[in-house]
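Here you go, one structure.
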Amino acid sequence: MLRLVSYLASLALVAVVLVAGGGTAQADGCYTWNRTLSEGASGEDVRQLQIRLSGYPGYGSVLALDGSFGPATRSALVRFQQAYGLAADGVAGNATYSRIYALQDDDCTPVNFSYAELNNCNSTWAGGKVSAATAKFNALVSMWKLQALRHALGDQSIRVTSGFRSTSCNSAVGGAADSRHLYGDAVDLGAGPHSLCRLAQQARNHGFNGILGPGYPGHGDHTHVDHRGSRFWSASSCGI
């Protein structure tokens, strides 16, 4: 009996050390990080972190999702930590992971956005310019950028009016032949708590290479954001 009591006490001590120290703070239904990450690290766990940090690259920048923890990833992490009142040391540990776990659902989408919200075309994500898996992944990255945008705007709701489109869905709404919606990496936003111009202006800080809004032809009733390969921002009525 004494040996059993001693064994159970040692297990409890180990659990306390893991939570207080560098071990895993908790398991998560989507993804669980098992090590502290800092500049110089690489691997899938870094790439998963980069996805969650993709909305914090800084003005006019885009964070590469390459699994390599370099200066840009560190800067994005510092911005994320500052945004949520964490110690802004550029090191991803238990405090950072706990905040990320609180921000994501079990399907890895951020808590304030969903796959269904970014696809009212079909349930398969097929029929666009890329594979269904790529289109769905692109939409996931968009959602994490929108989550950062939403937080920066006071955690008020953002209204999504269009996301992924298949070729047939795109044709039905009169979309451009090579619309970014066909790649799953474009989102149209409607006015709500924030004006279309406010959305377009703030989006410049959250990793969107494409921003189109009021003043650009055909965009008087929505703000469009996307991940195109190079920057193109045009919303002249908003000073962009």
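The chain is numbered in sequence order, starting from 1.
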inquiry  = Is a donor from one side chain sitting under 3.5 angstrom from an acceptor on the other, for Asn34 and Tyr97?
reply    =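 Checked: Asn34/Tyr97 side chains show no N/O donor-acceptor pair below 3.5 Å.
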inquiry  = Give me the atom names and distance for the closest heavy-atom approach of Lys129 to Asp178.
reply    =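 The answer is CE-OD1, 3.6 Å.
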ask   = Taking 4.0 angstrom as the limit, do Arg165 and Asp188 come out as a salt bridge?
value =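 Yes, charged N to carboxylate O under 4.0 Å.
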query = What's the shortest heavy-atom distance between Ala148 and Gly55, and which atoms?
reply =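 The pair with the smallest heavy-atom distance is CB-O, 3.4 Å.
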ask   = Can Trp144 and Gln104 be said to form a side chain to side chain contact (heavy atoms under 4.5 Å, CB included), step by step?
value = CA-CA 9 Å; Trp144 280 104; Gln104 67 185 12; 3.6 Å; yes
key: Ring-ring centroid check His151 Tyr84, cutoff 6.0 Å   =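 Here the rings of Tyr84 and His151 have centres that are less than 6.0 Å from each other.
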task = For the residue pair His222 and His219, categorise the inter-ring angle as parallel (less than 30°), tilted (30 to 60°) or perpendicular (more than 60°).
result =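 Answer is tilted, since the angle falls between 30° and 60°.
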Any side-chain heavy-atom pair of Leu149 and Leu146 under 4.5 Å =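 Side chain of Leu149 against side chain of Leu146, heavy atoms only: contact under 4.5 Å found.
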message = Checking ring-ring contact (aromatic ring centres under 6.0 Å, His included) between Trp233 and each of Tyr216, Phe208, Tyr59, which is the one that passes?
response =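 Only one of Tyr216, Phe208, Tyr59 forms a ring-ring contact (aromatic ring centres under 6.0 Å, His included) with Trp233, namely Tyr59.
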request  = Under the side chain to side chain donor-acceptor pair (under 3.5 Å) rule, what do Ser68 and Asp66 come out as? Steps first, then yes or no, please.
outcome  = CA-CA 5 Å; Ser68 179; Asp66 58 4; 4.9 Å; no
request  = Considering non-hydrogen atoms only, spot the tightest contact between Gly90 and Gln81 and give its length.
outcome  =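 Closest heavy-atom pair between Gly90 and Gln81: N-OE1, 3.0 Å.
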key: Non-hydrogen atoms of Leu196 and Pro214 that approach each other most closely   =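 In terms of heavy atoms, the two residues are closest at CB-CG, 3.8 Å.
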ask   = Can you name the closest pair of heavy atoms from His194 and Gln156 and give their distance?
value =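 The pair with the smallest heavy-atom distance is CE1-OE1, 2.9 Å.
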Minimum heavy-atom distance Leu182-Phe164, with the two atoms named =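 Nearest pair, atom of Leu182 first, then Phe164: O-CE1, 3.9 Å.
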